[in-house]
Amino acid sequence: MSKLVLARILQGIPVLLIVVTATFFLVRAAPGGPFDAERSLPAEVVKNLEKRYNLDAPVLHQYVDYLGNLVRGDFGPSFRYPNRSVTELIRTGMPITFELAFYAIVVAVVVGVMSGLIAAVRPNSLQDYLPMSLAMTGICLPAFLLGPILVLIFGIWLEWLPVSGWGYSPGDKILPSVTLGSAYAAYIARLTRAGMLEVLSQDFIRTARAKGLSMPGVVFRHALRGGLAPVVAFSGPAVAGLLTGSFVVETIFQIPGLGRFYVQAAFNRDYTMIMGTTILLSCLIVILNIVVDILAVWMNPRLRKVR
Amino acid sequence: MPENMIDSLKSLEQIEFEEGRSLWNDAWVRLKRNRLAMFGLWVMLFLVSISLLTPWFAPYGYEIQDLELGASGPSLAHWLGTDTLGRDLLTRLMYGGRVSLLVGFAATAVSLAVGVIWGIVAGYMGGSVDAVMMRIVDILYALPFMIFVILLMVVFGQSFLLLFLAIGLVEWLTMARIVRGQVQALRRQEFVSAAIVTGLSSAQIMRRHILPNIMGPVIVYVTLTIPAVMLFEAFLSFLGLGVQPPQSSWGVLIATGVETMEEYPWLLIFPGLALSITLFALNFLGDGLRDALDPRSASGAGGVHE
């Protein structure tokens, strides 16, 4: 097991390096310099700016400098907000995005696992069809559609909940969390149902039932661990999806998180900011995928022999 | 005796022929029994034919404005209403649907081409070729591609070609994995050995004997990739990083609809319905095809995102 953990971590390092390198050179390859978007500046000013952003050095030199700074957690100054560093912007945005993602995961797991279980216990009954059709609806209603619809219904027509913001007024965290979490709740419901159906048809479940254990007892004591294995495997891609999903949700609800910074940086062509957020989000996703891989093996010992 | 042999050969040929067809026949029969999947199929046929005929069937011109009318709700003249510039929403929805579907199909075609070739070669060659090729897939798999596609769009401008090329190049990885797994299983079967003995080259065997036998899973995965791609395009367009005006797609229409949803909710609701119904149809069709073509596989989470 510890060998596997070590191997996974070692595999992650080249991937991280590829992420950083690809991002750096992609942004450097962008046609047009970062300063010729607006009115032309005097040559002196441009020179000073280039010096400040280390653009006058040879590209390879810039790359090495950037890597060195990254290791120290310094993403450089923002192009758009020269007085603030990218690190600073990230530090204000990250906790908010994490909090949002956390609530969304809670929504997704609680709603998803519960409805998956309910459906799997009595397959092909109303108890199965109802949650599963809801799940299909959740999959086909992307966040950028569901969010505005929820705002329209609960924010504007019913006036039950605030339509935007994060932590400014009570209840303003509910709509964003539900919006971000619902699609994943839907997937988790379907995965839980499929996984549980497979486990529940196995012999050891029949044995447990024959011993006189009640159905809820069997489900929670015996079946759940095996039945949730596909859900755990899914959580890696899900976290990646949640982070990219936060771009949309934070834009809709005007939440000052990392996702909104990223979208704004993309519009403003704030290159250092784009690089910083891309690298940060990518590294997060890579690391979380490694964690999920290890977790999946821990939950399903049969996988240990394969790799 | 020789005649007898010819007869039996003929009947053998017939049996083989019928067996070759019966897989697809069986699948079709199973699919037809699945009402949701058939509904999805009809919806998709309907949408595709409308998209093809849009230039002739659209009730109004794409850019025709009626500023005096402005935004109006559904009426007899404008079935789905008009937007703030007085443009007919149904017309714009039809033209936008063309773009959305085109991106969906084109990007899926890119992923199909790359993924199938990559998977067949890796699976058939095996050994170190396979190891290297799949290692590359593993490494690329670990990269957060969604973010990279956005980065690409930002850096190189939002060109249409780049959009579906980029999305297609993300989606081929899963296709390559699925195909490789199938090919590995096929390679050990007798008919492949027979083909090798008759002196066919590897390329010929891959094209004539392997390819037709992996069509089932490939079709299923294609049906599930199209909605994923359309969703991603709409996501990018919603953020303003995808399809750019004057071109429009359902994602663009949804994004503009959101801006005015308080006053003119139909500008959000109709494009949203169009996208949702299409995603529904494709997911149901994909699920149905999976059950029909590979009855053993349990239908899992299905669909849209990986």
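Here is the naming used below: chain letters follow the sequence lines, and residue numbers restart at 1 for every chain. Quick caveat: nothing in here was measured; it's all calculated off a predicted structure.
Remark: Thr278(A) OG1 to Leu151(B) CG distance equals 4.5 Å, nearest 0.5 Å. In this structure, Leu279(B) CG and Met136(A) CE are separated by 9.0 Å, a value rounded to the nearest 0.5 Å. Between Ile156(A) atom CD1 and Glu262(B) atom CD the span is 4.0 Å, to the nearest 0.5 Å.
When the candidates Leu152(A), Val263(A), Ile285(A) are compared by the number of heavy-atom contacts under 4.5 Å with chain B, Leu152(A) comes out ahead. Of the residues considered (Leu284(A), Leu16(A), Val19(A)), Val19(A) shows the highest number of contacts with chain B, using heavy-atom pairs under 4.5 Å.
Counting heavy atoms from C-beta outward, Leu145(A) and Leu268(B) have side chains that approach closer than 4.5 Å. Asp287(B) places a side-chain heavy atom less than 4.5 Å from the side chain of Arg190(A).
Ile277(B) does not touch chain A: none of its heavy atoms, backbone or side chain, sits under 4.5 Å away. In this structure, chain A has no heavy atom under 4.5 Å from any part of Ile269(B). Only the side chain of Thr251(A) comes within less than 4.5 Å of a heavy atom in chain B; its backbone stays farther off. With a 4.5 Å cut-off on non-hydrogen atoms, Leu239(B) touches chain A through its backbone and its side chain both. Looking at Thr277(A), there are no atoms closer than 4.5 Å to chain B (heavy atoms on both sides), in backbone or side chain. The parts of Ala234(B) that come within reach of chain A are both its backbone and its side chain, each placing non-hydrogen atoms under 4.5 angstrom from that chain. Proximity to chain B (any heavy atom under 4.5 Å) is shown, for Thr192(A), by neither the backbone nor the side chain.
The aromatic rings of Phe247(A) and Phe235(B) lie parallel to each other, their planes meeting at an angle below 30°, with 60° marking the opposite boundary.
Atom CZ of Phe105(B) sits in a crowded spot, with more than 12 heavy atoms from other residues, nucleotides or ligands closer than 6.0 Å.
Contact detail for Phe144(A) and Leu231(B): the closest heavy-atom pair is CE2-O, 4.1 Å.
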Task: Derivation of the side chain to side chain contact (heavy atoms under 4.5 Å, CB included) call for Phe238(B) and Ile252(A) - done: CA-CA 10 Å; Phe238(B) 180 83; Ile252(A) 294 172; 3.9 Å; yes
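When each of Leu146(A), Ile139(A), Leu141(A) is tested with Ser276(B) by the rule side-chain contact (heavy atoms from CB on, under 4.5 Å), just one qualifies, namely Leu141(A).
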